[in-house]
Amino acid sequence: MQKKDFVIRFAGEGGQGLVTSADALARAATSAGYFTQTFSTFPSQIMGGPASSQVRISTSPVLSSGDGVDVLVALNQYAYDHHEQDLVENGVTIYNAEEYTLPDGGNYFGIKADEIAKSTGNARAANMVTIGAVANLIDFSLTEVDNFIKKRFNRGRDNDSEIIRANIQSVRLGAEVASQSGFSVGKLDNPVKPDYEQIMVTGNSAISLGALSAGLDYYVGYPISPATTILVWMENNLIGSNKFAYQVSSEIESINAIIGAGYAGKKAMTATAGPGIALMSEGLGLAWMAEIPLVVVDVQRGGPATGLPTKSEQSDLFACMHPAHGDVKIPILAPGSVEECFYAAALAVNWAERYQGPVILMSEMAQADRGENIPKPNLDKIKVESRNVYSGDNGFKRYQSWDGTNELTPMPIPGGSGAYVANGSEHDEIGDTTHLPIHHIRLTERRFNKLKLLDGAHYEIENENSQLIISPWGSSKGPSREAYERLLDDNYDIGWIYSVALNPIPEEVFEALKKSKCVLVPELNYQGQWSSLLRQDGIKAQSIIKYDGTPFKPGELVKEITNIFDTVRKK
Amino acid sequence: MSKRNPEYDFVWCPGCGDFGVRRALEFALQDYITEHEKPHSHNVIVAGIGCSGNMVHLIEGDQPFGIHGIHGRTLPIALGIKSSRPDLNTVIVAGDGDFLSIGAEHIGPAAQRNLDVTCVIMDNGVYGLTKGQSSPTSDIGMITTSTPHGKIEVPVSPLNHYLTVGVSYIASYYSSKPKILAKFIKEAMDHRGFSIVHVQSPCTTYNDTYDLLKGKPREGIPGLAWDIPDDHDPNDLSCALNLIQKPGIPLGLIYKMEGKTLEDRQQEIRNKVSEKTVESTLSEYLI
C-alpha cells in the first residue's frame with residue numbers, strides 16, 4: 001500500500017538514544033528527499049524516566065507530529081504499555097526482546113538489537129539494527145540508510161571504514177529480522193527531491209540563526225528549560241570582535257544587562273521561559289518606558305510557577321503582552337513553524353531597532369527542540385535594520401512628542417553626541433524626571449504611537465468569507481493547518497486567518513477577523529488567552545482549548561470543529 | 001530643580017551629604033576626561049533609585065550619558081553597558097538601600113567577574129526618599145518610621161561584605177571633603193576591575209550623623225571616622241580584613257588587587273576561538 005507519510009516513534013527511558021535514533025532516521029529520510037519533523041518528550045531529570053522521540057516522514061512539508069503512530073519501537077514494557085494505544089490500525093510494534101516479551105499473536109515482533117550489534121563487532125550500533133528493521137517495515141531504501149551512515153561516520157579517523165561497515169551490517173541484520181516477521185505497514189511514496197538547498201534545524205536553532213542574520217551583537221541568558229539550547233547555541237556561535245555571549249546569574253540580570261547593551265548601541269537579546277518572563281517584567285517596563293531596543297524570547301512551557309518544565313503549553317500570552325505594571329503593551333511575534341522561527345527572530349531584532357523598544361518573540365516547547373528540514377534562508381534577502389543614531393549637536397531632546405506622522409526621533413548612543421538620561425521615571429524631553437501631567441500624557445501617547453511602525457510580519461488569509469474561520473497562533477499553527485486542509489477536502493465552509501504578529505495585529509488581518517462571524521482559536525491553555533484578547537477588540541472569537549501538556553493533534557481538531565459545524569447547523 | 005533644567009522637580013534637602021559626593025564625582029569625571037583625552041560623552045552614569053540616584057540629573061557642566069533604571073539593578077545594567085562597550089567609563093551611583101538590600105544579589109557576581117565598573121555608594125543608613133525607614137546599614141535598635149520599637153537586625157558591614165565576596169578595589173570615605181573623595185573616585189575609575197568607593201553621606205532629615213562622624217574634638221569627643229594609618233598595606237587581603245575590624249568608619253584606601261577583568265577573559269576566548277560568520281554557521285545545518 002502506497003502512503004504519503006509515516007510516524008515512527010522510539011519509546012523507552014531517557015538516555016537510551018531515543019533522540020539519536022529518531023534524528024538518524026530523519027536525516028536519512030531528508031537525504032533521500034523526504035520532508036521530516038521530529039518531536040521528543042522527556043521528563044525533567046538528567047537521566048532515565050519515561051521518554052520518547054518520534055519522526056514523521058512525508059512527501060510534502062510536515063505540519064505537525066501527526067495523529068497516530070505507524071511503527072512503535074518500545075524499548076521496555078512500560079514504553080509499550082503507554083504508547084501502544086497511539087498506534088494506528090495495523091500499526092506495528094518492534095519490542096526489545098532482550099528486556100521483555102509479549103504474548104504471541106499481536107501486531108508486534110521482538111528484536112535483540114544489542115546482541116545483533118555485538119555480532120557485527122560494534123556493540124554501539126544497536127540503534128542501527130532498529131533503524132534497519134523500521135526501514136524494512138516502511139519499505140524505505142536501505143541504500144539511502146547506507147548513504148546516511150557513510151556521511152555520518154566519515155570523520156577522518158583511522159577506524160571510520162570499520163565503523164561504517166559494522167553499522168551497515170547492523171542495518172541489514174535488523175531489516176532481515178523485520179522481513180522474517182512478515183509485517184509491513186505500507187510503502188512510502190517516492191519523494192520529490194526539492195531543487196533548493198535545505199537545512200535541518202530545530203526551532204531554537206532557527207531563532208538563534210535568525211537573530212544573528214539580523215545582526216545580533218549581544219546575548220546573555222540564564223539556563224531554563226526549554227530555552228537553554230539558545231544560550232548554549234549563542235555561547236558556541238556568537239563569537240567575534242564586538243560580539244558577546246554570556247551566562248549571567250539570574251533572569252533579572254539578563255533583562256537588565258540587555259537593557260544596558262541596548263542603551264549602549266548594541267542589538268541585544270535574551271531567551272527564557274515563563275518563570276523568567278515573570279522575573280523580567282519590571283525590566284521590560286523599564287525598556288518600554290526609557291525606549292531601549294532589545295529582544296526577549298519566551299520559549300513557553302507549562303505553568304504557572306515551576307509548572308511543567310518539559311511540556312507544551314501556550315499560556316504566557318497575557319504575561320508577555322502585558323508583563324509590566326502600568327500602561328504597557330509589548331510587541332509580540334509568535335512564529336508557528338521552525339521556518340517562521342528564523343524569519344520572526346530576524347524581524348524581532350529589526351522591530352526593536354525600528355521602534356526603539358522591547359520586542360517579545362514567543363515560541364513553545366513543542367517547537368523548540370523539534371527538527372525540521374526547511375529551505376536554506378538566503379542571507380542576502382534578509383533585511384537588516386539598525387536604529388537611527390543621533391549625530392547632531394549636544395542638548396538634543398530625545399523624548400519629543402511623536403504622533404507617527406514623521407520620522408521617529410533618533411537615539412543618541414554613549415560616546416557620541418546628544419547625551420541624555422534614559423529614565424524609568426516619567427521624564428521630560430531630555431530625560432529628566434518630571435511629574436507634570438503634560439509630559440506623562442504626551443510620552444504615554446508617544447510610546448503607544450510607536451507601535452504603528454511595526455509591520456512586515458508574515459500572515460495568511462484564505463476563504464475569509466466562510467462560515468467558520470480557524471485562526472490559531474504560534475506553535476498550534478501546524479496541527480490547525482492540517483485540520484483546516486482536511487476539512488476543506490471534505491467541503492466544509494471554513495476559512496483560515498493566521499498572523500505571526502499578535503501585537504500589533506496587521507491591519508488586513510484585523511479587518512478580516514473583524515468581519516468574520518465566528519473565529520475559532522485553537523490554543524494550548526485553559527483560559528483561551530488569545531481569543532479573550534481578540535474579543536476585547538470586538539472580534540467574535542472563541543477558543544478550542546487543550547491543557548494536558550501536549551500539542552494538538554490534527555485529528556482532535558477536525559473532530560472538535562466538525563462538532564461545532566454540527567451544532568451551528570442544528571441551530 | 002537643577003541649574004541646567006529649571007523644570008526638573010527634585011531637590012536634595014539642605015545639607016544633604018549627596019551634595020559633597022556630587023562635587024567629588026564632578027571633579028573625578030572631569031579629571032578622567034582630561035587625563036584620558038576623551039569627550040564627556042564617554043562617561044556613563046548608571047543611577048539607582050532613591051535620593052542618591054537623582055545624582056544623574058544633577059551633574060553640572062558638561063553632561064555625561066546617564067541611565068536611571070529600576071530599584072536595585074544598577075550592576076546588571078552596568079554589566080550590559082561595560083561588556084558591550086568596554087571603551088566607556090561606567091560609573092554607578094546608588095544608596096545603601098538600593099545597593100545593599102534589593103540589589104545585594106548582584107554584588108557577588110560582579111566581583112567574581114571583576115567587572116570593570118566603579119560604584120560610588122552613598123550610605124546614609126536610612127531610606128530617605130520614602131521618608132525614613134530602616135536600611136541595611138541602620139544600627140540595631142534604631143527608631144525609624146518602619147521600626148517604631150527599634151530595628152531588630154544587626155546592620156550589614158558593607159566593607160566586610162565587599163572584601164569577602166572579592167571586590168578588587170575598596171575605598172571608604174565621607175562626603176565632607178569632596179576634593180579628597182574625588183581622588184579615590186578617580187583612582188577607582190582608573191583601577192582595572194570592580195571598584196567600590198563607599199561614602200558616608202549623612203541624611204540631614206532622617207539620620208544626621210555629621211557630628212557622630214567628626215566628633216567634637218574641642219570637647220574631647222572622638223568622631224567615628226578615623227584615618228587609615230600610612231603603614232596599612234592595601235594589597236594584602238588579611239591586612240584589609242584586620243583593618244576594618246576596628247570600630248568606626250575608616251577613611252582611605254582599604255584594598256586594591258590587580259587581576260584579570262571580565263573583558264580580559266572574554267578577549268582570551270576571542271583569541272582562542274575563531275570568528276564565525278552567519279553564513280558559515282548556517283552552512284553547518286545543510287543536509
Side-chain angles (χ1 to χ4, degrees), chain A residues 27 30-31 197-201 205 209 212-213 217-218 220 237 239-241 244 246 248-250 252-266 268 282-283 285-286 290 373 376-377 379 394 412 414-417 419-425 428 430-436, chain B residues 2 4-5 7-10 38-47 49 54 56-57 62-85 87-88 90 105-106 108-109 262 266 269-270 273-279 281-287:
Chain A
R27 285 176 187 278
T30 49
S31 303
E197 280 190 304
Q198 290 190 97
I199 57 171
M200 178 85 159
V201 67
S205 298
L209 282 163
L212 247 65
S213 76
D217 301 301
Y218 190 94
V220 294
N237 293 293
I239 295 167
S241 53
F244 190 82
Y246 184 63
V248 291
S249 69
S250 70
I252 292 177
E253 284 210 340
S254 296
I255 184 70
N256 286 287
I258 63 172
I259 285 170
Y263 164 75
K266 299 293 182 178
E282 191 186 15
L286 171 59
N373 50 325
K376 184 187 169 208
L379 292 179
N394 282 334
S417 60
Y420 73 108
V421 179
N423 197 345
S425 305
D428 61 16
I430 60 171
D432 277 346
T433 308
T434 174
H435 302 94
L436 293 177
Chain B
S2 66
R4 66 179 172 86
N5 186 359
E7 272 192 21
Y8 175 55
D9 57 7
F10 176 87
K38 285 183 171 181
H40 279 272
S41 60
H42 271 76
N43 288 327
V44 180
I45 309 293
V46 182
I49 298 301
N54 284 284
V56 69
H57 304 286
D62 290 321
Q63 290 299 296
F65 270 80
I67 181 163
H68 196 174
I70 45 178
H71 200 29
R73 312 303 170 200
T74 53
L75 278 170
I77 291 174
L79 165 69
I81 295 170
K82 191 67 187 182
S83 60
S84 67
R85 291 285 306 279
D87 58 313
L88 300 172
T90 307
E105 68 187 81
H106 306 296
L262 179 71
Q266 193 69 24
I269 292 175
R270 290 190 189 110
V273 185
S274 51
E275 183 160 354
K276 284 180 155 186
T277 64
V278 189
E279 186 63 50
T281 309
L282 195 55
S283 298
E284 289 170 20
Y285 293 88
L286 278 172
I287 291 165

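Here the structure is a predicted model, which means the values were calculated and not measured. Below, chain A is the first sequence line, B the second, and so on; all start at residue 1.
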Under 4.5 Å, counting heavy-atom pairs only, tell me which of [options] racks up the most with chain A.
options	answer
B:Leu282, B:Leu79, B:Val56, B:Ile269	B:Leu282
B:Gly69, B:Ser83, B:Pro39	B:Ser83
B:His40, B:Gln63, B:Glu279	B:Glu279

- For A:Phe244, ring-ring contact (aromatic ring centres under 6.0 Å, His included) partners two or more places apart: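 Residues passing ring-ring contact (aromatic ring centres under 6.0 Å, His included) with A:Phe244: A:Tyr218, A:Tyr246.
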- Take A:Ile252 and B:His106 through the side chain to side chain contact (heavy atoms under 4.5 Å, CB included) test and state the conclusion after the steps. CA-CA 10 Å; A:Ile252 292 177; B:His106 306 296; 4.1 Å; yes
What part of [X] lies closer than 4.5 angstrom to a heavy atom of chain A: side chain, backbone, both or neither?
X	answer
B:Ile45	neither
B:Pro109	side chain
B:Thr90	neither
B:Val273	both
B:Gln266	side chain

- Contacting moiety of A:Val248, where chain B heavy atoms sit under 4.5 Å: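 When you check distances to chain B, atoms from both the backbone and side chain of A:Val248 fall under 4.5 Å.
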- Side chain from CB out, backbone as N, CA, C, O: work out which of these in A:Ser254 comes under 4.5 Å of a heavy atom of chain B, or both, or neither.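 For A:Ser254, there is no contact with chain B at all, as no heavy atom is under 4.5 Å.
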Of all the heavy-atom pairs spanning [X] and [Y], show the shortest one and how long it is.
X	Y	answer
A:Lys266	B:Ser84	CE-O, 3.2 Å
A:Gly240	B:Arg270	O-NE, 3.1 Å
A:Pro377	A:Ile199	CD-CD1, 3.8 Å

If you count heavy-atom pairs under 4.5 Å with chain B, which of [options] comes out on top?
options	result
A:Asn423, A:Asn373, A:Ile255, A:Val201	A:Asn423
A:Ala257, A:Gly424, A:Ser205	A:Ala257
A:Ala261, A:Gly260, A:Pro414, A:Gly283	A:Pro414
A:Leu436, A:Asn237, A:Thr434	A:Asn237
A:Leu212, A:Leu379, A:Asp217, A:Ile259	A:Leu379
A:Ile239, A:Asn256, A:Leu209, A:Leu286	A:Asn256

- Step by step, would you call B:Asn54 with B:Tyr8 a side chain to side chain donor-acceptor pair (under 3.5 Å)? CA-CA 11 Å; B:Asn54 284 284; B:Tyr8 175 55; 2.8 Å; yes
- Message: Quick one about A:Ser425 and B:His68 (side-chain donor to acceptor, distance below 3.5 Å, no hydrogens or angles considered), yes or no?
- Response: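 Not at all, the side chains of B:His68 and A:Ser425 share no donor-acceptor pair under 3.5 Å.
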- Task: Look at the side chain of B:Lys82 and the backbone N and O of B:Leu88, then say whether any donor-acceptor pair between them is shorter than 3.5 Å.
- Result: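 A pair under 3.5 Å: yes.
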- Message: Using only atom types and a distance under 3.5 Å, with no angle test, would you say the side chain of B:Lys38 pairs donor to acceptor with the backbone of B:Asp87?
- Response: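 Between the backbone of B:Asp87 and the side chain of B:Lys38 there is a qualifying donor-acceptor contact (under 3.5 Å).
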- Is there side-chain contact between A:Val421 and B:Ile67, with heavy atoms separated by less than 4.5 Å?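 Side chain of A:Val421 against side chain of B:Ile67, heavy atoms only: no contact under 4.5 Å found.
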